[in-house]
Amino acid sequence: MQLALVIDPGKCTSCKQCEMACAYEKEQTFNPAKSRIRIFDFHEEARFVPYTCTQCDEAWCQQACPVNAITTDHASGVKIVHDNLCVGCKVCTIACPFGTINYNADTGKVIKCDLCGGDPACAKACPTDAITYSDVEQSGFEKMKAWAAKTDAAAQS
Amino acid sequence: MHYLVLGAGPAGVTAAETLRKHDKTAKITLLGGEPEPPYSRMAIPYYLIEKVGEDGTYLRQQENHYQDHGIDYVHGTAAALQGKAKRIKLTDGSEIQFDKLLICTGASPITPPVPGLDRDGVYNCWTLEDARHIARLAQKGEPVVLMGAGFIGSIILESLALKGVNLTVVEMGDRMVPRMLDETAGVMLQQWCENKGVRVMTKTMISEVTDGPEGLTVHTKDGDKLDAKLLVVAAGVQPNIGFLASSGVEIEHGILVDHYMRTSVPDVYAAGDVCQATDFSTQKAEMLAIQPVAVEHGRIAAQNMAGKVTPHEGSLNMNVLESMGLITASFGLWMGVEGGDSAKMVDLENNRYLRLEFDGNKLVGGQAVGLTEHVGILRGLIQTELDLGPWKDKLLKSPERLPEAYIAVSHGII
Ligand SMILES: Cc1cc2nc3c(=O)[nH]c(=O)nc-3n(C[C@H](O)[C@H](O)[C@H](O)COP(=O)(O)OP(=O)(O)OC[C@H]3O[C@@H](n4cnc5c(N)ncnc54)[C@H](O)[C@@H]3O)c2cc1C
Ligand code: SF4
Ligand code: SF4
């Protein structure tokens, strides 16, 4: 069974617990700017969208990396950045069509969601179940993945 | 079936792996023209600043990677292609017979016709071998001149500056990276570099290199004399196609390929810097010469070679550059299209700039200076050709709301 972050924007209230949890898990700070997941607020429409890496099948970030610093864990499908190999060239940050892998000037490396090694802090912190970690084939995230496929220069295998 | 992949850069390595993925039994030979394991030119700047060792530039990190994938990685330099006989002649006189050939021999630096460029202390920065020489000579405080501030020149500039050399860059054009950045961004970048202690000379040319007290004296056409220990030449590249003379492979600037990455000779394909393939934005055959495109070409060519028909719809031109902390990026038709709309956010004080170019309701290009969060969204929006609907007007007023626009439109919040 392959688990994934399942995001239901309809349930999100923009409480930002996920951003805090992520920033604390990854950077030991409660500064949401350090989070790998971000809530986009559309106040006028009263819609809130949690946004992070979809661990997409195409993995443009991985394909573009010149030194093999991003690999896929075959059991979980998660794309992981290996800091010891990353040279900080940022090519992955322009290759990911979602913009969900970002450069961290403090470390000279890139950061992205790695599902916290299988126990994502954001999902645990979410009080409304807008973010869960489960195996449901859920429409929102699947739709985003479908968007990703459109970025390709050719049909993927 | 014997697939021969000529050239062991990112295009060649990706192609060899993709061939193996789709054909479990074929013989696959990957021929590389340099002595090292397949490596990435892109990683050379990071080797220069000692962020990684030589092994950190290797394209694949697992030991025995090629062996494990049944790929024979061999060394040699192609001298001639005999397309009808399906044979490659090597410079050492040996021959390799193939059923299908992929040419991904990349490009080599151009040496401009300037007297004195054959002197000791003058190097390109293109191969690991070049990099070893530069690493030796570019010591802290030493005077170094860089010829060319194009994309590759500017990447090298960053490493040389970080090494603490006393750096002067000489660029023929009126600004830095003229083919990637507009005037606003190019001037911002130049001022930034000058503030960091790099001397940037534009609109002038190196006319001669002679002996000098530090080793070399670099003369410009305006009469400046620059003493230097090292001159790095980054004056553009040209495709490695010499061995294709009289092979029948059709060439314009690079090897011309069709939508399936086929050349004009049957069973011969091409990919990467050496070829001229469809650009997503112009739908014309262009030389993009960037790493992600080389990988994309390699994968698509290999799929077609292995019988998995995959048309190439066009690759997007995109670049990202860091210069002593200032990060610039450009995508697609950043200079705009006729009759299209343009939105700009300029913040000179904080060195931030965002320019978006639209064709109707679609984003077709963009540039960013000093903005890195979610920058990949520019690619996403351009390549998915998403109709921005009412968000286009919002972006014309506030281009920095781009990530919101992408998420809103892709989630139906309009
Ligand atoms: C310093 C530097 C920095 C760069 N930075 C960036 C960057 O930030 N972003 C980016 O997108 N791109 C960057 N590039 C460009 C990028 O490296 C190239 O686009 C990419 O390497 C192209 O891949 P390729 O496989 O087509 O060719 P190459 O990587 O050039 O590989 C060609 C291979 O063919 C071999 N070969 C050549 N001729 C023969 C022959 N006759 N017989 C046998 N083998 C032969 C060569 O030895 C080599 O193995 C940079 C390049 C340099 C030099
Ligand atoms: S960072 Fe982007 S390209 Fe990489 S796996 Fe995540 S969504 Fe895909
Ligand atoms: S920034 Fe790091 S992970 Fe991203 S492409 Fe460059 S080396 Fe690979």
Side-chain angles (χ1 to χ4, degrees), chain A residues 7 9-10 33 38-42 44-51 53 60-69 71 82 84-105 108-110 140 143-144 146-157, chain B residues 10 14 18 21-22 40-43 45-47 51-52 56-62 278 280 290-293 295-296 299-300 303 308 310-316 318-320 322 325 327 329 331 372-381 383-386 403-404 406-408 410-411 413:
Chain A
I7 292 181
R38 188 171 154 201
I39 305 301
F40 280 85
D41 292 338
F42 298 94
E44 281 168 38
E45 295 82 4
R47 292 278 299 273
F48 310 105
V49 183
Y51 192 69
C53 165
W60 282 277
C61 57
Q62 178 177 344
Q63 288 191 45
C65 178
V67 292
N68 211 197
T71 56
H82 301 277
N84 59 326
L85 295 173
C86 172
V87 294
C89 71
K90 308 165 204 69
V91 164
C92 54
T93 72
I94 61 169
C96 165
F98 301 116
T100 47
I101 182 163
N102 286 297
Y103 184 61
N104 179 356
K109 315 260 171 185
V110 289
K143 210 164 85 189
M144 266 177 63
W147 274 111
K150 289 197 192 175
T151 308
D152 201 0
Q156 287 271 345
S157 47
Chain B
T14 305
T18 309
K21 185 172 157 200
H22 295 289
S40 188
R41 307 203 184 290
M42 262 199 74
Y46 307 95
Y47 162 73
K51 195 165 179 177
V52 291
T57 69
Y58 297 165
L59 277 156
R60 297 294 177 259
Q61 297 290 339
Q62 304 81 347
T278 309
F280 172 83
I290 51 172
Q291 160 97 16
V293 170
V295 171
E296 208 160 66
R299 171 170 59 79
I300 294 169
Q303 287 179 351
K308 193 177 179 311
T310 314
H312 175 235
E313 315 283 358
S315 298
L316 186 67
M318 52 188 187
N319 289 116
V320 60
E322 175 160 5
I327 299 171
F331 297 81
T372 57
E373 276 302 294
H374 305 301
V375 69
I377 281 178
L378 276 150
R379 177 189 190 186
L381 269 174
Q383 234 171 335
T384 52
E385 304 191 291
L386 200 59
E404 279 173 79
Y406 183 47
I407 289 148
S410 61
H411 283 74
I413 305 173

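Scope of the values below: all heavy atoms of this structure, side chains included, with no hydrogens, waters or symmetry mates. The chains referred to below are lettered A, B, ... by the order of the sequence lines, with proteins before strands, and numbering in each begins at 1.
Closest of all the heavy-atom pairs between B:M318 and A:A95 is CE-CA, 4.0 Å. Between A:F98 and B:I377, the shortest heavy-atom distance links the atoms O-CG1, 3.2 Å.
For A:C96, the part lying under 4.5 angstrom from a heavy atom of chain B is the backbone only. No part of B:I290 comes within reach of chain A, as not one of its non-hydrogen atoms sits under 4.5 angstrom from that chain. Looking at B:P403, the atoms closer than 4.5 Å to chain A (heavy atoms on both sides) sit in the backbone and in the side chain alike. Heavy atoms of A:C61 lying under 4.5 Å from chain B are absent altogether. Only the side chain of B:V52 has a heavy atom closer than 4.5 Å to any heavy atom of chain A.
The backbone N or O of A:G108 sits less than 3.5 Å from a side-chain atom of B:K51, completing a donor-acceptor pair.
Residues passing the side-chain contact (heavy atoms from CB on, under 4.5 Å) test with A:R38, sequence neighbours excluded: A:E19, A:F40, B:H374. Residues meeting the side-chain contact (heavy atoms from CB on, under 4.5 Å) test with B:A43, sequence neighbours left out: A:V67, B:S40, B:T57.
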Using the side-chain contact (heavy atoms from CB on, under 4.5 Å) rule, take A:W60 and B:R379 through it: C-alpha gap first, then chi angles, then the decisive distance, then the call. CA-CA 11 Å; A:W60 282 277; B:R379 177 189 190 186; 3.4 Å; yes
Apply side-chain contact (heavy atoms from CB on, under 4.5 Å) to residues B:M42 and A:V91 and explain how you reach the verdict. CA-CA 10 Å; B:M42 262 199 74; A:V91 164; 3.3 Å; yes
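Counting heavy-atom pairs closer than 4.5 Å to chain A, the top-ranked of the candidates B:Y47, B:F331, B:F280 is B:F331. Listed options A:A105, A:G88, A:C65 were ranked by heavy-atom pairs under 4.5 angstrom with chain B; first place goes to A:G88. Taking chain A as the reference chain and counting heavy-atom pairs below 4.5 Å, the highest number among B:L59, B:V295, B:T278 is found for B:L59. Taking B:Q62, B:R41, B:E373 one by one and counting their heavy-atom pairs under 4.5 Å with chain A, the maximum is reached by B:E373. Interface summary for chain B: among A:T93, A:N84, A:D41, the most heavy-atom pairs under 4.5 angstrom belong to A:T93.
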